[in-house]
Amino acid sequence: AQSVTQPDIHITVSEGASLELRCNYSYGATPYLFWYVQSPGQGLQLLLKYFSGDTLVQGIKGFEAEFKRSQSSFNLRKPSVHWSDAAEYFCAVAPPNTGGGNKLTFGTGTQLKVEL
Amino acid sequence: ETGVTQTPRHLVMGMTNKKSLKCEQHLGHNAMYWYKQSAKKPLELMFVYNFKEQTENNSVPSRFSPECPNSSHLFLHLHTLQPEDSALYLCASSHSGGTTDTQYFGPGTRLTVL
């Protein structure tokens, strides 16, 4: 069965500092990979996704993620964090080429706190 | 309204009550989803509807009963719930349920079962 691990439950960074959120997955083949963000009282918003091709993916709000097959990782990065980035971040995977719905499996999330 | 809306935003119910959660999407999508988000646990996919047909039931107890009367509306009927069912219930929609589709989420209904 596929699984997603986000090893950091909480991360605190200073505004303007760089950020890296870790995500590792377990799956027989290369799954489709996603990062979502959830602000308090809000639903999840897609930041970026990887299906194939260039392993460095650009997303919204200045985020990027790099797929590393050898490490089964899809880490999220941002060069300079803004206070408004404080939220919970979820990594998710979906099996490729399945019909009948997009069956996302989520990690447990990383809560990001930004210090001013 | 735009996007995915959910009502009510908060719900408190006793174990013997019957209540329903409503989700509406204004995006012209054909697939809709229910997720459960419990504290310190990953989001769990509960149900998937594609063109009004249920295509996924992720071993959800029968006290949760989904209904999808059309592609824009999704309900979750609740009956005889347990305290461990207290969670944030999220609805999402996507274009057609394909694996490359982006899912758009509503803000959720915070459910508390007493």
Side-chain angles (χ1 to χ4, degrees), chain A residues 1-10 23-27 29-53 57 59-60 63 65 87-111, chain B residues 2-10 23-25 27 29-59 66 68 74 88-110:
Chain A
Q2 58 198 31
S3 66
V4 180
T5 302
Q6 293 181 248
D8 304 305
I9 298 174
H10 299 278
C23 173
N24 293 93
Y25 65 88
S26 174
Y27 191 69
T30 299
Y32 293 159
L33 298 157
F34 306 80
W35 274 101
Y36 282 84
V37 61
Q38 186 178 31
S39 298
Q42 302 294 317
L44 278 71
Q45 181 184 21
L46 181 70
L47 288 175
L48 47 78
K49 57 189 177 184
Y50 173 79
F51 296 146
S52 64
V57 181
I60 63 172
F63 286 92
E88 190 156 22
Y89 292 79
F90 294 92
C91 181
V93 304
N97 305 320
T98 59
N102 191 333
K103 301 176 185 179
L104 292 172
T105 298
F106 285 86
T108 50
T110 297
Q111 186 72 47
Chain B
T2 59
V4 181
T5 57
Q6 293 186 241
T7 54
R9 294 294 307 274
H10 300 270
C23 174
E24 184 172 2
Q25 58 93 3
L27 300 169
H29 290 164
N30 295 299
M32 297 188 78
Y33 312 77
W34 278 118
Y35 287 89
K36 177 183 179 182
Q37 186 177 25
S38 304
K40 300 181 181 179
K41 292 178 66 176
L43 272 80
E44 303 169 59
L45 178 64
M46 301 174 71
F47 302 103
V48 180
Y49 278 82
N50 208 5
F51 293 89
K52 301 188 297 178
E53 297 296 320
Q54 187 181 124
T55 57
E56 182 82 11
N57 178 336
N58 200 18
S59 302
C68 188
L74 184 65
L88 182 68
Y89 288 85
L90 292 166
C91 173
S93 71
S94 68
H95 176 62
S96 64
T99 49
T100 58
D101 287 350
T102 296
Q103 291 187 30
Y104 293 83
F105 284 80
T109 295
R110 174 69 63 185

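Here is the naming used below: chain letters follow the sequence lines, and residue numbers restart at 1 for every chain.
- Contact tally against chain B (heavy-atom pairs below 4.5 Å) for A:G43, A:G109, A:A92: the top residue is A:G43.
- With a threshold of 4.5 angstrom between heavy atoms, A:Q45 does not approach chain B through any atom at all.
- Atom NZ of A:K49 is surrounded by more than 12 heavy atoms from other residues, nucleotides or ligands within 6.0 Å.
- A:L44 has its side chain out of reach of B:Y35: every pair of non-hydrogen atoms, C-beta onward, lies at least 4.5 Å apart.
- For B:L90, the part lying under 4.5 angstrom from a heavy atom of chain A is the side chain only.
- Only the side chain of B:R9 comes within contact range of chain A, with at least one heavy atom under 4.5 Å from a heavy atom of that chain.
- In this structure, B:Y104 places its OH atom where only 12 or fewer heavy-atom neighbours from other residues, nucleotides or ligands lie under 6.0 Å away.
- The environment of A:I9 atom CD1 is sparse: at most 12 non-hydrogen atoms of other residues, nucleotides or ligands sit within 6.0 angstrom.
- Only the side chain of B:Q37 has a heavy atom closer than 4.5 Å to any heavy atom of chain A.
- A distance of 11.5 Å separates CG of A:L46 from OG of B:S94, quoted to the nearest 0.5 Å.
- Taking both residues in full, the closest heavy atoms of A:F106 and B:P42 are given as O-CB, 3.3 Å, listed atom of the first, atom of the second, then distance.
- Here the straight-line distance linking atom OG1 of A:T105 with atom CD of B:E44 works out to 11.0 Å at 0.5 Å rounding.
- Across B:K41 and A:T108, no two heavy atoms sit closer than the pair C-CG2, 4.3 Å.
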